[in-house]
Amino acid sequence: MSKETEFYNYITTLPETTLSQVRGKPHEVLKLIDEYPQNFMNIGPHKGKQIVTRIKEKAPKTMIELGGYLGYSAVLFANEIADDPDAKYYSFELNPEFAKIATYVIDLAGLSDKVEIIVGRASYTLPAFRQRLFSENKHYTGLDFIFIDHWKDLYVPDLRVLESLNLIAPGTLIVADNIITPGAPEYVVYVNFSPDEKKLYNETTKNPEGKEFIGRWNILYDTKTIEVATANHKDAIEVTKCFDYFSG
Ligand code: SAM
């Protein structure tokens with residue numbers, strides 16, 4: 001049995017006295033995951049805190065994450081928009097088993113109204129999601145916040161998907177995890193490209209997530225790698241803001 005399924009069995013069979021102490025309390029639910037004897041590949045409290053600070057500053061309305069896993073980051077970040085009736089968090093997750101566990105975790109935290117899990121490969125589900133957003137809001141201009149935390153070799157391909165779908169526009173804030181451990185060097189290079197470098201890359205590098213998703217060379221990013229070190233772990237997040245379109 002996978003450790004994730006073991007965790008599901010654990011959390012769904014907790015005694016009602018324990019459940020009633022954590023129900024509707026996002027930080028108490030996250031503590032159950034933090035204190036569980038197995039390690040999971042979630043954002044965790046240290047890097048999470050850095051991202052929460054940026055969410056507080058930005059007060060985003062439409063947030064997505066690529067890679068939902070057990071719902072840890074969804075609970076931590078969606079909690080920040082819980083009081084805003086117009087804000088929503090969409091969690092894209094490939095694995096239906098993980099999505100099932102995340103659904104339970106998010107519900108226990110009392111955030112099921114704020115978080116929607118979209119199951120499937122992000123590059124397959126993003127086009128319909130984009131259609132939905134555009135039809136719901138005619139003045140839609142781009143996502144406010146994107147958290148990229150799925151497989152590292154998909155960071156650049158899926159960023160190109162997001163660019164191609166016009167989901168990134170001036171004002172969009174993108175945070176990517178695991179920049180040092182295990183590392184996502186191509187991603188850091190991509191968000192640092194000049195318009196000319198990006199144009200050349202996009203024209204000469206086929207996107208494995210779909211050749212139609214070329215990317216947009218004229219999107220300008222301001223980007224910074226922020227190291228977050230703890231006693232036994234060194235990692236970084238990449239914080240990237242789309243600030244304008246290149247106009248020549
Ligand atoms: N963000 C989560 C958190 O902090 O709690 C951790 C995400 S975990 C590192 C990566 C997740 O990405 C896995 O659950 C995996 O199934 C998912 N994933 C991988 N490729 C994906 C894709 N193409 N689309 C959506 N999810 C994907």
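Taking 4.0 Å as the cut-off between side-chain N and carboxylate O, Arg54 and Glu57 do not count as a salt-bridged pair. Ion pairing between Arg132 and Glu116 holds under the 4.0 Å rule for side-chain N and carboxylate O. Electrostatic pairing of Lys58 and Glu80 does not count as a salt bridge here, judged by no charged N lying under 4.0 Å from a carboxylate O.
Distance check, rounded to the nearest 0.5 Å: OG of Ser2 to OH of Tyr8 gives 12.5 Å. Note that the CG atom of Asn192 and the OG1 atom of Thr225 stand 7.0 Å from one another [nearest 0.5 Å]. Remark: Leu173 CG to Tyr221 OH distance equals 11.5 Å, nearest 0.5 Å. Atom-to-atom distance recorded for Ser73:OG and Met63:CE is 9.5 Å, nearest 0.5 angstrom. Within the model, atoms CG of Leu126 and CG of Leu66 stand 6.0 Å from one another, a figure rounded to the nearest 0.5 Å. One finds the CD1 atom of Ile214 at 12.0 Å from the NZ atom of Lys206 (value rounded to the nearest 0.5 Å).
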Between side-chain atoms of residues 143-159 and protein atoms elsewhere (two or more places apart, or another chain), which donor-acceptor pairs fall under 3.5 Å?
from	atom 1	to	atom 2	distance (Å)
Asp144	OD2	Lys61	N	2.9
Asp144	OD2	Thr62	N	2.9
His150	NE2	Asp158	OD2	2.7
Lys152	NZ	His150	O	2.8
Lys152	NZ	Tyr155	OH	2.9
Lys152	NZ	Asn178	OD1	2.9
Tyr155	OH	Asp177	O	2.7

Under 3.5 Å, side-chain donor or acceptor atoms of residues 117-124 against the rest of the protein: list the pairs with distances, not counting sequence neighbours.
from	atom 1	to	atom 2	distance (Å)
Arg121	NE	Glu209	OE1	2.9
Arg121	NH2	Glu209	OE1	3.4
Arg121	NH2	Glu209	OE2	2.7
Ser123	OG	Glu209	OE1	2.6

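Note: Tyr36 and Tyr10 have tilted aromatic rings, judged against thresholds of 30 and 60 degrees for the angle between ring planes.
Taking the side chain as every heavy atom from C-beta outward, Tyr89 and Phe77 approach each other to under 4.5 Å. Glu197 has its side chain out of reach of Val189: every pair of non-hydrogen atoms, C-beta onward, lies at least 4.5 Å apart. Here the side chains of Tyr190 and Asn202 are in contact, with some heavy-atom distance below 4.5 Å. Put simply, the side chain of Pro45 reaches to within 4.5 Å of the side chain of Asp34, judged on heavy atoms. Phe7 places none of its side-chain heavy atoms less than 4.5 Å from the side chain of Pro37.
Tracing side-chain contacts under 4.5 Å through hydrophobic residues (I, L, V, M, F, W, Y), one reaches Val105 starting from Leu76; they form part of the same cluster. Cluster annotation: Phe98 and Ile43 are assigned to the same hydrophobic cluster (Ile/Leu/Val/Met/Phe/Trp/Tyr, side-chain heavy-atom contacts under 4.5 Å, transitive). Note on Phe193 and Trp217: separate hydrophobic clusters, where clusters join Ile, Leu, Val, Met, Phe, Trp and Tyr whose side-chain heavy atoms are under 4.5 Å apart, directly or indirectly.
Taking a 6.0 Å sphere around CG of Asp196, one finds it holds 12 or fewer heavy atoms contributed by other residues, nucleotides or ligands. The environment of NZ in Lys241 is sparse: at most 12 heavy-atom neighbours from other residues, nucleotides or ligands sit within 6.0 Å. Taking a 6.0 Å sphere around CG of Asp86, one finds it holds more than 12 heavy atoms contributed by other residues, nucleotides or ligands.
Residue pairs meeting the salt bridge (charged side-chain N to carboxylate O under 4.0 Å, His left out) criterion with at least one partner in residues 92-112, sequence neighbours excluded, are Glu97-Lys100. Among residue pairs with one or both ends in residues 179-189, none qualify as side chain to side chain donor-acceptor pair (under 3.5 Å); sequence neighbours excluded.
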Next on the checklist: Checking Glu238 against Thr223 for the side chain to side chain donor-acceptor pair (under 3.5 Å) test, could you report, in this order, the C-alpha distance in whole Å, the side-chain angles of both residues, the deciding distance, and whether it holds?
Outcome noted: CA-CA 7 Å; Glu238 187 72 21; Thr223 191; 2.5 Å; yes

Next on the checklist: The test is salt bridge (charged side-chain N to carboxylate O under 4.0 Å, His left out); show your working for Lys198 and Glu163 and say whether it passes.
Outcome noted: CA-CA 12 Å; Lys198 196 170 170 195; Glu163 290 179 345; 2.8 Å; yes

Next on the checklist: Could you walk me through whether Asn166 and Arg216 satisfy the side chain to side chain donor-acceptor pair (under 3.5 Å) test, starting with their C-alpha distance in whole Å, then the side-chain angles of each, then the deciding distance to 0.1 Å, before giving a yes or no?
Outcome noted: CA-CA 9 Å; Asn166 281 333; Arg216 289 193 63 180; 2.5 Å; yes

Next on the checklist: Please determine whether side chain to side chain contact (heavy atoms under 4.5 Å, CB included) holds for the pair Asn79 and Leu30, giving the CA-CA distance in whole Å, both sets of side-chain angles, and the decisive distance to 0.1 Å.
Outcome noted: CA-CA 11 Å; Asn79 183 39; Leu30 294 179; over 6 Å; no

Checklist entry - Can Glu6 and Lys3 be said to form a salt bridge (charged side-chain N to carboxylate O under 4.0 Å, His left out), step by step? => result CA-CA 5 Å; Glu6 277 178 18; Lys3 64 179 179 181; over 6 Å; no

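Hydrophobic cluster of Leu200: no remaining members, since no ILVMFWY side chain lies below 4.5 Å from it.
Taking the six-membered ring wherever Trp is involved, the centroid distance between the rings of Phe129 and Tyr90 falls below 6.0 Å.
Every residue was checked against the side-chain hydrogen bond (donor to acceptor under 3.5 Å, both in side chains) condition with Lys114, not counting sequence neighbours, and none meets it.
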